[in-house]
Number of protein chains: 2
Amino acid sequence: MIDKHSPMPIYYQIEEAIKERIDKGEWREGDMIPSEREFSEMYHISRMTVRQAVTNLVSDGYLIRQIGRGTFVARRKIQQKLFGLTSFTEDMKGRGMKPGTRLLDFRTVSASGPIAEQLQIPDGGEMYEIKRVRSADDLPMALEITYLSEDLVRGLTEEDVYGSLYGYVEKELGMTIGYATQELESSVAREAESRTLGIAEGAPLLLIKRFSYLEDETPLEIVYSAYRGDRYKFVVGMHRNRTDSNG
Amino acid sequence: MIDKHSPMPIYYQIEEAIKERIDKGEWREGDMIPSEREFSEMYHISRMTVRQAVTNLVSDGYLIRQIGRGTFVARRKIQQKLFGLTSFTEDMKGRGMKPGTRLLDFRTVSASGPIAEQLQIPDGGEMYEIKRVRSADDLPMALEITYLSEDLVRGLTEEDVYGSLYGYVEKELGMTIGYATQELESSVAREAESRTLGIAEGAPLLLIKRFSYLEDETPLEIVYSAYRGDRYKFVVGMHRNRTDSNG
DNA sequence: CAGTGGTCTAGACCACACG
DNA sequence: GTGTGGTCTAGACCACTGC
C-alpha cells in the first residue's frame, strides 16, 4: 500500500490511503482511526511522518485529533469543500448543477488605474478583459467581468475561457493558485443586469469582488460578479484563528 | 529570548518572536527571514521545531516559503484577519468602528424542529433565543437572532450578550471555537426589518446564516443575521485547497 | 557550487483521558 | 497503568535556486 521508493512523499501516500478508507465508508464519521504509533508500525515508517499526514488531513477537515483519546473521522465531511477557494465551474459542479458560459466580450485593453495597480501591471501594459454570463443548468446565474495581466497568462484564447479559468491556469500553465480575498455585498438589479440575467429590475443581486493570488502572492485576477439573488447562496466555511482572541 | 524550560512550547515562543519582529517592522513585507538552520543554531534547538513554528505562521498567512530560495514575510499582512472566523464585535473593531448592541429579546424556549436538531438538543431540551440589533458607530448595522443550547452554555445572562458571545464562550467558559459554516444571500428589506434598521422598504439586505462549532465539532450556535446592504460588505479570504483540482 | 526548504528517521519525555 | 496525541532531538538525504 505504501511505496517507500515512490517519488510521491510517504506522508502524501498515507493521506490518500486514509481518505480512501473514509470515502469507501470503511471508517465512518466519528470513528477512531488507528493511532499514530499503529500507523507507524503498520507501514514501517517513523511516527513523525505519520503525524505530517494526519496534520494535513486535520487542517483539511477530514480528521479531528483529541488529546489523550485518539484521532477521529470528522463529522459533516460534506462541508470540507466549503473551506476551499473554487472557480465558478467547480462551485456549480459541487452543487450538482451543470455549469455553462456565454462569452459576451473577450479583448485586451491597456491597463491603467486601480485595476492595473492591483494586477501589478506597469504603465503601458496590457490586460485581458473577459465578460461572461455564467449559467447553471442552462439558466443564467451570474454576470462576470474578469481582468488578468496579459503578461502573466500570455496566449489566453477565447476557447480557454469557456470553462474554468482556475483549471486552465493550474493545468495548462502549471501555476499554483494560493488564495483569494472576496468582498460580498447586497444590491438590486438595474436595467442592464436585469436584462442579461433575466430577472426583474429591483430584484436582489449578490455582488462579489474577487482578487486571486498565486502561491507566491503574484496577483492573478480580478473578478467582478453579480449573482442572481433568487438562485445563488454563497457558502463558506471559516476556521477560528488561534490568535484572534489575543490580538 | 527562548526559554526551553517554559511551559510554553518552544515552537510557540518562536512564532511569537517572529511575529513580533514583523509587527515591529524589523522584518518587512517581502524580506527574507533567517533560514530554518540559522534559527536552529541561534536558539540551540532542532530544525524540526523551527519548522513547526514556521509552518504555523505560513498557514496563518504571515510567511511564504519558497523552495530553494528561503522564507519571506508575506505581503498584504493586513489581509491575515480576513481568513479567521470572527464575532460581530471583533469584525467591527477590525474595521475601526465601535460595536454596540441593543437587546430586543432574551429568553429560553423549548427546542424543536431543525434548529434543535442542528444544535443536537434532545426532545424536551431548552435553548436560548437572543434577538439583538447590532450597531456600528451607534448606527444600526444588523438584526441578529441567535440560538444556543441551554445545556452547553448554562447560566448565560443578559449582561453576557451585550458584547462578543465568542469572547464569552472562549474566555469565561474556556471552550475552544473551531469553525463555522456561513451562507450568504441577497435580499430586500420588508416592513419589519426596514423599521428596525432604519432603512427603506425594498432596500438591499445581506442575509447571513451561521452555524458555529467547537473544536470537537459540538454545535455551538445558530445565528440568523440581516445586514444593511448600504453599510456592510462581507469580506473573506479563502485558500486554494491542495485537493480541489484532483478530487 | 553552497544554501534553501522538503522529507524522513528512531528514538525520547510530557500531559491527558480512561478504566 | 496503558494508550493517546503534543513536543522535541540530532541527525540524514533530496530537489531546487541562484551565483
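All values derive from a computational prediction rather than experimental measurement.
Here C:dG5 presents its P atom at 13 Å from CD1 of B:Ile64, a figure rounded to the nearest Å. Distance A:Glu15 CD to C:dT7 C1': 13 Å, rounded to the nearest Å. Straight-line distance from the CD1 atom of A:Ile10 to the P atom of C:dG6: 17 Å, rounded to whole Å. One atom, NZ of B:Lys4, and another, P of C:dC14, lie 16 Å apart when rounded to the nearest Å. The distance between atom CZ of A:Phe39 and atom P of C:dT9, rounded to the nearest whole Å, is 15 Å. Distance, A:Glu36 CD to C:dT9 C1': 16 Å, rounded to whole Å. Residue B:Gln66 contributes atom CD, which lies 10 Å from atom P of C:dG5 at whole-angstrom precision. One can place CD of A:Gln52 at 16 Å from P of C:dG5, the figure rounded to the nearest angstrom.
Between the side chains of B:Ser149 and B:Asp151, no donor N or O sits under 3.5 Å from an acceptor N or O. Side-chain N/O atoms of A:Glu221 and A:Thr146 include no donor and acceptor closer than 3.5 Å. Donor-acceptor pairing under 3.5 Å is lacking for the side chains of A:Thr71 and A:Arg65. When only modelled atom types and interatomic distance are considered, B:Ser164 and B:Thr89 share no side-chain donor-acceptor pair under 3.5 Å. When only modelled atom types and interatomic distance are considered, B:Thr101 and B:Arg134 share a side-chain donor-acceptor pair under 3.5 Å.
Using a 4.0 Å cut-off, some side-chain N or O of A:Arg51 falls inside it from OP1 or OP2 of D:dG6. Not one side-chain nitrogen or oxygen of A:Thr49 sits closer than 4.0 Å to the OP1 or OP2 atom of C:dT7. Between B:Tyr11 and D:dT7 there is a side-chain N or O to OP1 or OP2 distance below 4.0 Å. Distances shorter than 4.0 Å separate some side-chain N or O of B:Arg65 from OP1 or OP2 on C:dG6.
Every pair passing salt bridge (Lys or Arg N to Asp or Glu O under 4.0 Å) that includes a residue from residues 48-57 of chain A is listed here, sequence neighbours excluded: A:Glu36-A:Arg51.
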Would you mind building the protein contact string for nucleotides 11-19 of chain D? One character per nucleotide, 5' to 3', B for base within reach (heavy atoms under 4.0 Å), S for sugar-phosphate only, - for untouched. -B---BBS-
Quick one, A:Phe88 with A:Tyr166, criterion ring pair (Phe, Tyr, Trp, His ring centres under 6.0 Å). Give me CA distance, side-chain angles, the key distance, then yes/no. CA-CA 9 Å; A:Phe88 178 86; A:Tyr166 277 13; over 10 Å; no
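Comparing A:Val50 and B:Glu38 by the nucleotide of DNA chain C whose heavy atom lies nearest to each, the residue mapping closer to the 5' end is B:Glu38.
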